[in-house]
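Input: a single structure, listed below in structure tokens.
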2 protein chains.
Amino acid sequence: MNPDEFRRHAHELVDWMADYMERVGELPVTPPVGPGDVRRRLPASPPAEGEPFGQLFEDFQRLILPGMTHWNHPGWFAYFPGNNSPPSVLGEMLTATIGAQCMSWVTSPAATELEQVVMDWLRQMVGLPDGFVGSIQDTASTATLVALLSAREHASRGATGLRGMSGGPALTVYASQEAHSSVDKGVKLAGYGLERLRRIPTDAQYALSPDALERAIEQDRAAGLEPACVVASIGTTSSTAVDPVVEVAAICRRHGVWLHVDAAYAGSAAIVPELRKRFEGWEQADSIVLNPHKWLLTNFDCTAYYVRDRDALLSAFSLTPEYLRTVHDEQVVNYRDWGIQLGRRFRALKLWFVIRSYGVEGLQAIIRQHVTLAAELARWIDANPEFERMAPVPFGLVCFRYRPPGLAEERVDTLNERLLAAVNATGRVFMTHTRLGGRYTIRLVIGQRATERKHVEEAWRLITEAAEGVESLSP
Amino acid sequence: MNPDEFRRHAHELVDWMADYMERVGELPVTPPVGPGDVRRRLPASPPAEGEPFGQLFEDFQRLILPGMTHWNHPGWFAYFPGNNSPPSVLGEMLTATIGAQCMSWVTSPAATELEQVVMDWLRQMVGLPDGFVGSIQDTASTATLVALLSAREHASRGATGLRGMSGGPALTVYASQEAHSSVDKGVKLAGYGLERLRRIPTDAQYALSPDALERAIEQDRAAGLEPACVVASIGTTSSTAVDPVVEVAAICRRHGVWLHVDAAYAGSAAIVPELRKRFEGWEQADSIVLNPHKWLLTNFDCTAYYVRDRDALLSAFSLTPEYLRTVHDEQVVNYRDWGIQLGRRFRALKLWFVIRSYGVEGLQAIIRQHVTLAAELARWIDANPEFERMAPVPFGLVCFRYRPPGLAEERVDTLNERLLAAVNATGRVFMTHTRLGGRYTIRLVIGQRATERKHVEEAWRLITEAAEGVESLSP
């Protein structure tokens, strides 16, 4: 395909892309396909000869699109949002075209320096003090692993990286019972071992209990173990609970333990002044993760990872073989030394486009609107005696269950499973579930860019209608 | 920005993108900017109000583009190639627009199943036997870390993931002195410790010595250590040396050690039948990495990671908290369990477009042409008494240095450093360097999609002309 053929096909795609943005709300949020349905329609072997692009694009529309879940549907209330936006997509188009690999300053100077600039913009936007430096990682899972590895090296003063963990002290990690599964995964991968992760009890609002944390640290130290890292959450995945970071930070300081703050979803809300108080204490963390690819309208992947001590990060990750050495190494940032991957995409461009296109005030208005709608939905739930709200609503997530008066508790979980399945089967909305205090809980998160009040009203209507239906079913 | 504004701006961008593809060869490969030049032209704080896209796009062209290194320039001879291609960019455009996050089957069924299909297509293309299953990872660094973690769990029968490495046996890793730095990084991050990595000597052609490998394994075992993983390279970074994988695999089998094959760059060449023999033995590996984002015209990031035993991978990486559980989990592939990251982009689409657009034969022809040109350049170097070829040329990389007869060896390194700087300063080409046997070596890799014979001729002309210049400089 030469540039002129590309030009022609790309123009066709642009019209399809703009149409998609316009009509995504008319598609079913989740596709009506079962396991294997897409695969069995695709050839088992690759073609020997090239095919015209028209055929590929037709197959994309005919075979792939009907099997996609639409994360940018205004009826997206599942998991956490995974937003893109028109300026972000424009940024991705340019990034793909240049196709630079941004491992080192010299392999794309402007990409490196733009990343420095937008990471500092975002630091100012979320109110972190000067001194925190950021880099773009791919996901919060990776950033949390990077934090756990940095904490490991910090606790052992670099000995584990050099001599290995075998024969070294047993290092321990602390997080609440509600912390994200990426903490378990990171603890496992970083070599601490899952049994060295202390899951600290939470209070009635699912926030970590600082007293229990301090007791656990003291007990471990008394037993000859070496506490290395605490992961505090601002906005847990199940219920967006906010750990008491001020107290947790004081404990970490007293005991010389690395504090990592997981604000993967909620962190973007720190750009809204009146929500800033939920983030108190995070400025005392050693590392912080927040995902512009969730709530800040920037295409996945774009995770912002901030650290207070750049040298602690570099000492854990920097390695420069001869074939990567350049004359500028002393004067520049080489982001390959800031994480796991050597290769890196030019991800700063889309975030730059988003921040400039919406402006800080525009982004604030969108998040403020989502939080307002969530509070409103919470009031509807509270006002309905057949429903029970399961957790506070500090951000955009509302946790609830259907619990008509008189229904035996042992039937409630099953009823809510059915209710969720029935609502999702409409194709108009997509919600997911969790368990809070052992109870099956429906999660409805308002955070998709195009979601308006009418979509939340529709969701609530579908829920209440489906509730009438499932209640009449036999147990 | 509403969909219609997006439509308008995206059409403008498409014309720019097609123009860029046409004229990238006229731009300087590396930009004439110094550290800080780009950054100091950008505002230190984000704008409060949104700006029109026209302004953003103008700033992109005025401030960012002149600071970019052009990886898709036909004069790209540096590192390894980082190719994109028109169909791949078209794929990225659709991926960005849909903006799906492909962590689980249910979060985008078609993306998961297309990834299964194209990974199997690629398996067939490179001649790996049925039974190998693949997933797309972001980079080879990550894939090699995944392999080292899998090997760790395999060697300890899952004990390290559960109980941690502290208190466990000291596990060791083996790779040649020429293996990529990602092995060091992975060994450090996975908790083995850099001192547990045995760098095995190589022969005169920079390939791992199997006898030395077996001795090292036996010595470690005799000393009470536990050999866990061997990383063999097919195409090392410095010189594309090919380790004797058949012998290495036999050693690994004898000693029950995990074999990971790093074919990050060269692996794509396995699609060419007459080059397949360089890959003998890799079908006996436990895991293999190759990067379609290097030589197979697919935008970064797109790393193919193949394993023989899917369960060994899953047992190291799978974790399913309640909020990620779905009714389909037993019937489907959830790629979040195949690596480090939970979140995943829809990367299969661009690879599908590339394979179908070029066809297997089209891709073979491109790689064959690069290898042919590299062999031709090697002949020019061999025919010139002032130059010395430093390594065999099994793929597209030619390693050489300028060494005019009579020049004292202690001056050769400096002279070649200057030669490389002078050639790169022309802006017409970009090459990098390494050290082979301690000697400064220029690396010229032919692998950019648009590179033709005339570009290689130009590079050779620039080198020989610059050589005359630098020789006359005082030491």
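Letters A, B, ... mirror the listed sequences (proteins, then strands); counts begin at 1.
Only the side chain of L13(A) comes within less than 4.5 Å of a heavy atom in chain B; its backbone stays farther off. At a 4.5 Å heavy-atom cutoff, the contact between L162(A) and chain B is made by backbone and side-chain atoms alike. Proximity to chain B (any heavy atom under 4.5 Å) is restricted, for Y79(A), to the side chain, taken from C-beta onward. Looking at E92(B), the atoms closer than 4.5 Å to chain A (heavy atoms on both sides) all sit in the side chain, from C-beta outward. Only the side chain of Q124(A) has a heavy atom closer than 4.5 Å to any heavy atom of chain B. Contacts between D59(A) and chain B at a heavy-atom distance below 4.5 Å involve backbone atoms as well as side-chain atoms. Using a 4.5 Å cut-off between heavy atoms, A48(A) touches chain B through backbone and side chain atoms alike. At a 4.5 Å heavy-atom cutoff, the contact between Y20(B) and chain A is made by side-chain atoms alone. With a threshold of 4.5 angstrom between heavy atoms, L56(A) approaches chain B through its backbone and through its side chain. In this structure, chain A has no heavy atom under 4.5 Å from any part of L171(B). Contact of P31(A) with chain B is made through the side chain alone, with heavy-atom distances under 4.5 Å. Heavy-atom distances place the side chain of S141(B), and not its backbone, under 4.5 Å from chain A. Heavy-atom distances place no part of A159(B) under 4.5 Å from chain A, backbone and side chain included. Only the side chain of T326(A) comes within less than 4.5 Å of a heavy atom in chain B; its backbone stays farther off. Both the backbone and the side chain of V106(B) come within contact range of chain A, with heavy atoms under 4.5 Å apart. Within the 4.5 angstrom heavy-atom criterion, atoms from both the backbone and the side chain of P43(A) approach chain B. Only the side chain of L42(A) has a heavy atom closer than 4.5 Å to any heavy atom of chain B. With a 4.5 angstrom heavy-atom cutoff, D19(A) touches chain B via backbone and side-chain atoms both. Looking at S357(B), both its backbone and its side chain come within 4.5 Å of chain A, counting heavy atoms on both sides. Residue contact with chain B, scored on non-hydrogen atoms closer than 4.5 Å, is absent for A421(A). Contacts between H328(A) and chain B at a heavy-atom distance below 4.5 Å involve the side chain alone, from C-beta outward. If you measure heavy-atom distances from A44(B) to chain A, the contacts under 4.5 Å come from the backbone alone.
With a 4.5 Å cut-off on side-chain heavy atoms, T139(B) and L342(A) do not count as touching. Side-chain contact check for M125(B) versus L363(B): some heavy-atom pair is nearer than 4.5 Å. Looking at heavy atoms from C-beta onward, D138(A) lies out of side-chain contact with R345(A) at the 4.5 angstrom threshold. Using a 4.5 Å cut-off on side-chain heavy atoms (C-beta onward), M103(A) and L324(A) make contact. A 4.5 Å side-chain heavy-atom check between W16(A) and M93(B) finds every atom pair outside the cut-off.
The backbone N or O of N72(A) lies less than 3.5 Å from no partner atom in the side chain of N84(A), so there is not a single donor-acceptor pair. In terms of modelled atom types and a separation under 3.5 Å, the side chain of K185(A) and the main chain of F317(B) share a donor-acceptor contact.
G99(B) and N299(A) get closest at one heavy-atom pair: CA-ND2, 4.4 Å. Contact detail for E113(A) and G36(B): the closest heavy-atom pair is OE2-N, 2.7 Å. Scanning all heavy atoms of the two residues, the minimum distance from P169(A) to E226(A) falls at CB-CB, 4.3 Å. The minimum heavy-atom distance between R152(B) and A190(B), with the atom names listed, is NH1-O, 2.9 Å. Summarising the geometry of P109(B) relative to G67(A), their closest heavy-atom pair is CD-O, 3.2 Å, with the distance given to 0.1 Å.
One finds the CD1 atom of I355(A) at 11.0 Å from the OG atom of S88(A) (value rounded to the nearest 0.5 Å). Between atom NE2 of residue H11(A) and atom NE2 of residue H9(A) there is a gap of 12.0 Å, rounded to the nearest 0.5 Å. Atom CD1 of residue I98(A) and atom CE of residue M68(B) lie 5.0 Å apart, to the nearest 0.5 angstrom.
Counting heavy-atom pairs closer than 4.5 Å to chain B, the top-ranked of the candidates N2(A), V14(A), T434(A), T237(A) is V14(A). Of the listed residues (A96(B), P87(B), P52(B)), the one with the most heavy-atom contacts under 4.5 Å to chain A is A96(B). Among V117(B), V332(B), T303(B), the residue making the largest number of heavy-atom pairs under 4.5 Å with chain A is V117(B). Heavy-atom pairs under 4.5 Å with chain B were tallied for L149(A), L122(A), V118(A), N83(A); the largest tally goes to L149(A). Contact tally against chain B (heavy-atom pairs below 4.5 Å) for S85(A), P3(A), S181(A), P35(A): the top residue is P35(A). For the options G343(A), P66(A), G82(A), G186(A), heavy-atom pairs under 4.5 Å to chain B are most numerous at G343(A). The greatest number of non-hydrogen atom pairs below 4.5 Å with chain A, out of R196(B), H433(B), E5(B), E153(B), is found for H433(B). Heavy-atom pairs under 4.5 Å with chain B were tallied for T142(A), I340(A), D301(A), T441(A); the largest tally goes to I340(A). For the options E51(B), Q331(B), R325(B), heavy-atom pairs under 4.5 Å to chain A are most numerous at E51(B). With chain A as partner, the option from Q101(B), R443(B), H70(B), M21(B) having the largest number of non-hydrogen pairs under 4.5 angstrom is Q101(B). Per-residue counts of heavy-atom pairs under 4.5 Å with chain A were compared for L145(B), L65(B), D15(B); the largest is that of D15(B). Considering only heavy-atom pairs separated by less than 4.5 Å from chain B, the leading option among P321(A), G167(A), G164(A), S238(A) is G164(A).
Taking the ring-ring contact (aromatic ring centres under 6.0 Å, His included) definition, one finds that Y323(A) meets it with H180(B), sequence neighbours left out. Taking the salt bridge (Lys or Arg N to Asp or Glu O under 4.0 Å) definition, one finds that R23(A) meets it with nothing, sequence neighbours left out.
Checked against the 6.0 Å centroid criterion, the rings of F53(A) and F6(A) do not qualify as a close aromatic pair.
Between F353(A) and F60(B), the ring planes lie perpendicular to each other; the angle is over 60°, past the 30° to 60° tilted range.
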